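Notes to accompany the following structure.
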Amino acid sequence: MPEERPEIRNIRVYLHEIVMFGRISERAITQLEAVLVMPNTLVSKEAAEEQQTAIAASVQQILYASAMVSKFLWPILDKKKEKEKAFATARGARLRELLGIDTDDRTHPLNSREVRDSIEHYDERLDAFVAKDYNTFVFNDWTIGSAATIETFGTDNSSPLIRVIDRDNLVIRHLGRDRAVPEYTGGQASVIDLKAQNAALQDLCRTAAKILDEGA
């Protein structure tokens, strides 16, 4: 006899969270688009620093919002006790059911560990990057370019550029896992489409808000 799924009595709490993170992401996308309109070469050090801070803050907000909603829908069960695993599994299943997400949908933009890991394991990735003998010169700032810029520098962690953003498509390239992949000297960098992440979040935000309005 299959084990009974725990009842998630107040699923509205999670729906409210999804709506909130959707709003955070949408605001951050708007702010990011605005700051990227500014010229690459600014007239003062202060203006350049402000632009870099605004880019970093907006990107982090989008990644964080995406990562949190991803974990709501597809919970990470490692290191959880059995009762916690059962609750998290039931919560994720119930939310996917309410939001109309196929449990087996591996193509959903939010069903990716890449975005979560870019937040949760950044310190480890930076350690691995800095420890490489060839990384004697490192450019910490966001390099603002295009799709061609990302293509030029490729997706190898051995590039001295820690972070690049395609200002037209809002695709970022930053440090990825230091995994042993033959064609990558320093591990494969992480490439994330922020517009796709935000669009997926907005779809869920609208659906969650509708469910809440209808009194789920």
Side-chain angles (χ1 to χ4, degrees), residues 21-22 24-38 40 51-71 73-74 76 105-132 134-135 137-204:
F21 283 120
I24 289 172
S25 178
E26 183 67 7
R27 174 181 285 189
I29 279 282
T30 300
Q31 293 172 336
L32 184 59
E33 289 174 333
V35 75
L36 288 174
V37 172
M38 299 165 65
N40 286 356
Q51 183 188 46
Q52 284 292 318
T53 301
I55 293 171
S58 298
V59 170
Q60 289 300 311
Q61 287 170 17
I62 297 163
L63 292 178
Y64 182 74
S66 297
M68 291 306 300
V69 174
S70 176
K71 289 198 288 187
L73 299 173
W74 293 278
I76 299 173
D105 185 1
R106 302 292 179 183
T107 64
H108 195 286
L110 297 181
N111 188 8
S112 168
R113 291 291 290 267
E114 193 59 50
V115 176
R116 307 182 197 182
D117 290 349
S118 69
I119 293 287
E120 295 177 0
H121 299 292
Y122 182 73
D123 60 325
E124 299 163 13
R125 295 179 176 189
L126 193 60
D127 285 344
F129 180 79
V130 172
K132 296 289 189 295
Y134 49 75
N135 283 333
F137 169 77
V138 176
F139 190 68
N140 287 80
D141 286 350
W142 279 96
T143 298
I144 304 170
S146 62
T149 310
I150 292 179
E151 184 177 351
T152 298
F153 286 98
T155 54
D156 192 312
N157 274 350
S158 61
S159 167
L161 304 180
I162 289 183
R163 41 183 75 90
V164 181
I165 185 165
D166 169 1
R167 74 189 321 158
D168 301 314
N169 302 299
L170 301 189
V171 173
I172 63 170
R173 170 206 174 278
H174 63 165
L175 297 180
R177 292 175 57 192
D178 187 34
R179 50 192 167 196
V181 182
E183 61 268 35
Y184 296 101
T185 303
Q188 187 176 2
S190 176
V191 177
I192 298 173
D193 185 333
L194 298 180
K195 280 188 176 180
Q197 292 295 312
N198 181 61
L201 268 175
Q202 297 318 306
D203 284 343
L204 296 179

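Only this structure's heavy atoms are used, side chains among them; waters, hydrogens and symmetry mates stay out. On a predicted model such as this, the values are computed, not experimentally measured, just so you know.
- Using a 30° and 60° split on the angle between ring planes, W74 and H108 fall in the tilted class, from 30° to 60°.
- Here CG of L175 is found 11.5 Å from CG of D123. Values are rounded to the nearest 0.5 Å.
- In this structure E124 satisfies the side-chain hydrogen bond (donor to acceptor under 3.5 Å, both in side chains) test together with H121, sequence neighbours excluded.
- Interatomic distance, I24 CD1 to I29 CD1, rounded to the nearest 0.5 Å: 13.5 Å.
- Taking K71 as the reference, E120 meet the salt bridge (Lys or Arg N to Asp or Glu O under 4.0 Å) condition, with sequence neighbours excluded.
- Put simply, CD on Q31 and CD1 on I55 are 12.5 Å apart, with the number rounded to the nearest 0.5 Å.
- Contact check for I192 versus V171: no side-chain heavy atoms found under the 4.5 Å cut-off.
- The list of salt bridge (Lys or Arg N to Asp or Glu O under 4.0 Å) pairs with a residue in residues 25-36, not counting sequence neighbours, is empty.
- Annotation: side chain of L201 is in contact with side chain of S66 (closest heavy-atom distance under 4.5 Å).
- V164 is not listed as a side-chain neighbour of W142, based on a closest heavy-atom distance of 4.5 Å or more.
- The shortest distance between side-chain heavy atoms of I144 and D166 does not fall below 4.5 Å.
- Within a 6.0 Å radius of OH in Y122, other residues, nucleotides and ligands contribute more than 12 heavy atoms.
- Residues forming a side-chain hydrogen bond (donor to acceptor under 3.5 Å, both in side chains) with S70 (at least two apart in sequence, or on another chain): R116.
- At a threshold of 4.5 Å between non-hydrogen side-chain atoms, the residues I172 and V191 do not count as touching.
- Listed by chain and number, the residues in a side-chain hydrogen bond (donor to acceptor under 3.5 Å, both in side chains) with S58 amount to none (sequence neighbours excluded).
- A donor-acceptor pair is defined here as one N or O able to donate and one able to accept, closer than 3.5 Å; such a pair exists between the side chain of R167 and the backbone of L36.
- Salt-bridge check for E114 with R125: passed, with a basic side-chain N closer than 4.0 Å to an acidic carboxylate O.
- In terms of modelled atom types and a separation under 3.5 Å, the side chain of Q197 and the main chain of P109 share a donor-acceptor contact.
- In this structure, the side chain of R173 does not engage the main chain of I165 through any donor-acceptor pair within 3.5 Å.
- For the atom pair L110 CG and L204 CG, the distance stands at 6.0 Å (nearest 0.5 Å).
- Among residues two or more places apart in sequence or in another chain, the side chain to side chain contact (heavy atoms under 4.5 Å, CB included) test is passed with I119 by Q60, L63.
- With rounding to the nearest 0.5 angstrom, the CG atom of L170 is 8.0 Å from the CG atom of D193.
- The minimum heavy-atom distance between S25 and Q202, with the atom names listed, is CB-NE2, 4.3 Å.
- Put simply, CG on L161 and NE2 on H174 are 14.0 Å apart, with the number rounded to the nearest 0.5 Å.
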